[in-house]
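Heads up, the thing below is written out as structure tokens.
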Protein chains: 2
Amino acid sequence: MHAVQAAPTPLSVAGLCKCLGDESRLSLLCLMGVDREVCVCDLVAALDAPQSTISRHLAQLRQCGLVVARRQATWMHYRVNDALPEWALTTIETLVNEAREQLGLQPLQGQCC
Amino acid sequence: MHAVQAAPTPLSVAGLCKCLGDESRLSLLCLMGVDREVCVCDLVAALDAPQSTISRHLAQLRQCGLVVARRQATWMHYRVNDALPEWALTTIETLVNEAREQLGLQPLQGQCC
DNA sequence: TTCCTATATTCGTATATCCGGATTTATGGA
DNA sequence: TCCATAAATCCGGATATACGAATATAGGAA
């Protein structure tokens, strides 16, 4: 009887907003959409920013619990965490929809891997 | 034919989230609710923090366009700006409702003035 | 093993943000 | 006019956050 995984701190409203309050992270969410899994290499290609910057922002989104990652060989696939509480999911959906228009970013079609 | 008021920059998603990503500002919105007008002195009393801190956060909420202020004699009354776009109003409502439970803050009843 | 590619992390630096005391501004009353 | 109160703004300092180059790690293939 032991924890398989560290108990994640429950998501705070301020924590969610801090995460969404950065244009790079918002862009990443726009590119992955709420129901799609995307590869990091596609994100790096789409957002011309250095790879380390993208990776750092993805790590922050992961730490907040907003996205989950899955490894497939050397590639990492990210998607929005659908186990988030209702209030967080609906907020993300609303804001990502609006941000897509503001930033002109459409969800990626799975391409690289 | 001249502008009566400076054209406000349209609210960006990241801008809204930055504003909501601070616990003090979130608390202020929880105390005023989405339909109530409250006096600064009540806000200062409710959130024990120095008056300058409260005033600074209110100014930021005003600059973002999230709240509007009305002067009545020496007192200032703040309320959520109901002219915000749909996506912003529904987001604020959802997040303020959740933050109220997380922070244990109920909307104020108009008391001081 | 060694090499190659994808991703993550480290590190130093630059910038942004938050804080609270002190001061200023605005208003009403004496 | 002068005074008192409410709120806004200024200021210096502390802390947090973002950045990108360099490096480390992980996995697959040869």
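Just so it is clear, the values below take in all heavy atoms, side chains as well, and ignore hydrogens, waters and symmetry mates. Letters A, B, ... mirror the listed sequences (proteins, then strands); counts begin at 1.
Closest to the side chain of B:Thr74, out of D:dG27, C:dT27, D:dA7, is C:dT27. For B:Lys18, counting side-chain heavy atoms from C-beta on, the closest listed nucleotide (C:dT17, C:dT9, D:dA7) is C:dT17. Side-chain proximity of A:Ser55 to the nucleotides C:dA26, C:dT7, C:dT5 is greatest for C:dT7. The side chain of B:Ser24 lies closest to C:dC19, out of C:dC19, C:dT7, D:dA8. The B:Ala73 side chain lies nearest to C:dG28 when the options are C:dG28, C:dG20, C:dT9. Listed nucleotides: D:dA8, C:dC19, D:dC19. Nearest to the side chain of B:Leu58: D:dA8.
Note on A:His57: a side-chain N or O is less than 4.0 Å away from OP1 or OP2 of D:dC19.
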### Task
Quick one: do A:Leu84 and A:Ile92 satisfy side chain to side chain contact (heavy atoms under 4.5 Å, CB included)? Show the steps, please.
CA-CA 10 Å; A:Leu84 283 168; A:Ile92 291 171; 3.7 Å; yes
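Residue B:Arg71 contributes atom CZ, which lies 8 Å from atom P of C:dA26 at whole-angstrom precision. Note: CD (B:Gln72) to C1' (C:dG28) measures 13 Å, nearest angstrom. For B:Glu23 and C:dC18, the CD to P distance is 12 Å, given to the nearest whole Å. Going from atom CG of B:Asp22 over to atom C1' of D:dT17 covers 14 Å, rounded to whole Å. Between A:Leu43 atom CG and C:dA6 atom P the separation is 14 Å, expressed in whole Å. In this structure, B:Gln63 places its CD atom 13 Å from C1' of C:dT17, rounding to the nearest Å. We find that CD of A:Gln60 is positioned 14 Å from C1' of C:dA8, with the value rounded to whole Å. If you measure from atom CG of A:Leu28 to atom P of C:dA8, you get 11 Å, rounded to the nearest angstrom.
A heavy-atom distance below 4.5 Å is not found between the side chains of A:Met32 and A:Leu108. Contact of the A:Leu95 side chain with the B:Trp87 side chain is registered, since non-hydrogen atoms from C-beta on lie closer than 4.5 Å. Considering only heavy atoms from C-beta on, B:Glu101 stays 4.5 Å or farther from B:Asn97 through its side chain.
Mapping A:Arg56 and A:Trp75 onto DNA chain C by nearest heavy atom places A:Trp75 closer to the 5' end of the strand. Both A:Ser52 and B:Tyr78 lie near DNA chain D, and the one whose nearest nucleotide falls closer to the 5' end is B:Tyr78.
Screening B:Arg62, B:Arg70, B:Glu37 for a side-chain hydrogen bond (donor to acceptor under 3.5 Å, both in side chains) with B:Tyr78, the sole residue that qualifies is B:Arg62.
Counting atom types as modelled, B:Gln51 pairs no side-chain N or O with a base atom of D:dA6 as donor and acceptor under 3.5 Å.
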